[in-house]
> 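Can you read through this structure? Questions will come right after.
Note that these values count all heavy atoms, side chains included, but never hydrogens, waters or copies made by symmetry. Values in this document were obtained by computation on a predicted structure and should not be read as measured data. As the structure lists them, so they are numbered: ligands from 1, and atoms in each ligand from 1.
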Amino acid sequence: MDNVLNQDLKNYIENITSPEPPLLKNLRQETEAVIGAPQMLCGPTEGRLLQILIKVLQAKNCLEIGTFTGYSALNIAEALPADGKLITCEIRQQNAEFAQKYFDRSPFGHKIEIRLGDATQTIQQIDHPFDFIFIDADKPNYPTYYDLLIPKLRRGGLMVVDNALWDGEVVAPKDKAGEAIHALNLKARHDESVETVMLSVRDGILLIRKL
Ligand SMILES: C[S@@+](CC[C@H](N)C(=O)[O-])C[C@H]1O[C@@H](n2cnc3c(N)ncnc32)[C@H](O)[C@@H]1O
């Protein structure tokens, strides 16, 4: 968890992690200047973790819930093979337009399709099985995303849930978001169709592999 690490250790972690591609650095800086809330981006370390997971899994069909300005989507797209595809769901048009501008500038952007709208609706219009699913949108809907998406994850596929420790509050949730994240964590842990591991990277990342 980020807030228990001192700045020297955070710098060390970033320095040992493979460097952030220049376009993603621009995206992060422009997000901060134009849109705000740069803490919503998964950041360079988690971005690289997503890339390595996708490469190890040899994932081709990916789904993301929560595009924001496209930072995690571009990390995912970079790790995909030439015929790989990412569908990313975003409810805010301004975010989708910002992200699309960067997808158009990236050599990997053609692999990404943005679906604008409420992801709880969008998901129900998508049928094909996914190799890799990244959940990083509205926290109160986390248990709903789990229920809707586990059937759409192929056997051996991976679901990655961001903010799974919610700044440490999952042990004693104080709000709807914390309660919902904790509910998803428990759902996954007690679901016999999956295996789980909680990583204390950044704000917590739950890895869920379908058996
Ligand atoms: C934490 S940000 C995503 C950050 C992004 N994954 C990254 O790391 O670069 C969450 C995003 O989910 C979007 N969002 C919230 N509720 C949503 C919903 N019901 N359907 C689709 N997107 C939603 C928000 O507008 C926001 O852009």
> Any ion pair linking Asp118 and Arg115 (charged N to carboxylate O, less than 4.0 Å)?
no
> State plainly whether the residues Lys25 and Glu20 are in salt-bridge range, i.e. N to O under 4.0 Å.
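No, this pair does not count.
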> Do the side chains of Pro21 and Glu78 get nearer than 4.5 Å, heavy atoms only?
yes
> When you look for protein heavy atoms under 4.0 Å from ligand 1, which residues do they belong to?
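Ligand 1 is contacted, at a heavy-atom distance under 4.0 Å, by Met40, Leu41, Cys42, Glu64, Gly66, Thr67, Phe68, Tyr71, Ser72, Cys89, Glu90, Ile91, Arg92, Asn95, Gly117, Asp118, Ala119, Phe134, Asp136, Ala137, Asp138, Tyr145.
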> Assess, by modelled atom type and distance only, whether the side chains of Asn11 and Gln7 contain a donor and an acceptor separated by less than 3.5 Å.
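A pair is found: one side chain offers a donor N or O, the other an acceptor, under 3.5 Å apart.
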> Can Asn141 and Asp138 be counted as having a side-chain donor-acceptor contact under 3.5 angstrom?
yes
> Can you confirm if the NZ or CZ of Lys139 lies within 45° of the ring axis of Tyr142 and under 6.0 Å from the centre of its six-membered ring?
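So Lys139 doesn't make the cation-pi contact.
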